[in-house]
Amino acid sequence: MRTALALLVAASLSAAGTAAWAQNAPAPAATAAKCDNPNALGVTRVVEIDTTGAPGFGFEHFKAYDFLRDKEVVLTFDDGPWPGHTPAVLKALADQCTKALFFAIGKHAGWHPEILKRVAAEGHTIGSHTWSHKDLSRLTQEEAVAEFEKGLAAVSIALGNKPVPPFFRFPALRHPPEMMKYLADRNVGMFSTDLDSFDFRTRKPEQVVANVMKKLEKTGKGIILMHDFQPATAAATPELLKRLKDGGYKVVQITGKTPIEPKKEYVDMVMKEIGGGMEDARPMSSVIKTIKEN
């Protein structure tokens, strides 16, 4: 991970930046490409969630909504976007014509907005995962709110100053009661998990696959927690998707009924730290190309 925020500069949100925000620039269009894989895993169902009052999902912490049928899974990835790893996950998903729910860290969205734009453009759902992945249970309420709101603002800016799907996952799956109340006021759905891949504990792709499949054999369905930040997960995703297909599992895509708007004061904070340009960022390869190297 970067040890210094080379891209973070001290700059106030300019009048032009404010105007761009007000214009609410169009988000990248979802790719509707034809699936060329006749044996693809695909998407069996698309589920729309009304997040009024902050409903929770994932039986590790929330028991109210058992919306998955037998053999159905929701693919979720935390901690991106990240160079190399997130694009590898996206390619694996595209090869199987399936969709996932990505919970992006605000700082990572600020560093790599072009990757997050690609996630959206390829039709995946994007939620937020705080500004810097701090454990909110160890913060004051004011600090925790800022972590949530800055993370949301950064994701919104990276997507071109657009509202964000109303989904959030707490770092370390720790849910301070006061923050749960805050999310209820903001009408943001909370995602825990049904089964954790524990991919952050292993460097072996085959172990990531084994962890998920072994747990699915017991549960029969579930929301799967993975991390597109982890190299082992990036390497494991193609085989995992194949195993899911071979095992008769079906993917459910999650969408939100009403997206959430970031609060302007936190947009201002993020813009001061990150500076301008990320909302219009193009893929690095389309901007910078080595034409000579000794």
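Heavy-atom basis, side chains included; hydrogens, waters and symmetry copies ignored. None of the values given here were measured: they were computed from a predicted structure.
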inquiry  = Checking the side chain of His85 only, and the main-chain atoms of Gln230 only, is there a donor and an acceptor separated by less than 3.5 Å?
reply    = no
ask   = If you link I, L, V, M, F, W and Y whenever their side-chain heavy atoms are under 4.5 Å apart, who else ends up in the same group as Phe200?
value = Phe198
message = Looking at Lys221, is its backbone amide N or carbonyl O close enough to the side chain of Thr219 to form a donor-acceptor pair, meaning the two atoms are under 3.5 Å apart?
response = yes
key: Electrostatic pair Glu273:Lys107 at N-O distance under 4.0 angstrom   = no
query = Counting only N and O atoms by type, is there a donor-acceptor contact under 3.5 Å from the side chain of Asn187 to the main-chain atoms of Thr52?
reply = no
ask   = What closest approach, in Å, do Pro81 and Ala104 show between heavy atoms, and which atom pair accounts for it?
value = CD-CB, 4.1 Å
message = Is it the case that over 12 heavy atoms from other parts of the model lie below 6.0 angstrom from the NZ atom of Lys71?
response = yes
query = Can you hop from Val155 to Leu101 via hydrophobic side chains spaced under 4.5 Å?
reply = no
Any side-chain donor near an acceptor of the partner, Arg69 and Thr44, under 3.5 Å = no
query = Does the Thr98 side chain pair with the main chain of Leu93, one donor and one acceptor, at a distance under 3.5 Å?
reply = no
key: ring-ring contact (aromatic ring centres under 6.0 Å, His included) involving Phe57 - partner list, sequence neighbours excluded   = Tyr65, Phe67, Phe191
task = Please assess Glu143 against Lys134 for the test salt bridge (charged side-chain N to carboxylate O under 4.0 Å, His left out), listing each intermediate value before the final yes or no.
result = CA-CA 10 Å; Glu143 292 169 337; Lys134 290 181 180 177; over 6 Å; no
query = Can you name the residues that form a salt bridge (Lys or Arg N to Asp or Glu O under 4.0 Å) with Lys181, not counting sequence neighbours?
reply = Glu178
query = What do you reckon, are the aromatic ring centroids of Phe62 and His175 less than 6.0 Å apart?
reply = yes
Main-chain N/O of Glu147 paired with Thr130 side-chain donor or acceptor, under 3.5 Å = no
query = Does a salt bridge link Asp95 with Lys242, judged by any charged N lying under 4.0 Å from a carboxylate O?
reply = no
message = Between His108 and Phe229, is the ring centroid distance below 6.0 Å?
response = yes
task = Could you tell me whether a side-chain N or O of Thr193 sits under 3.5 Å from a main-chain N or O of Ile224, the two making a donor and an acceptor?
result = no
key: Atom CD of Glu142 with >12 non-hydrogen neighbours under 6.0 angstrom   = no
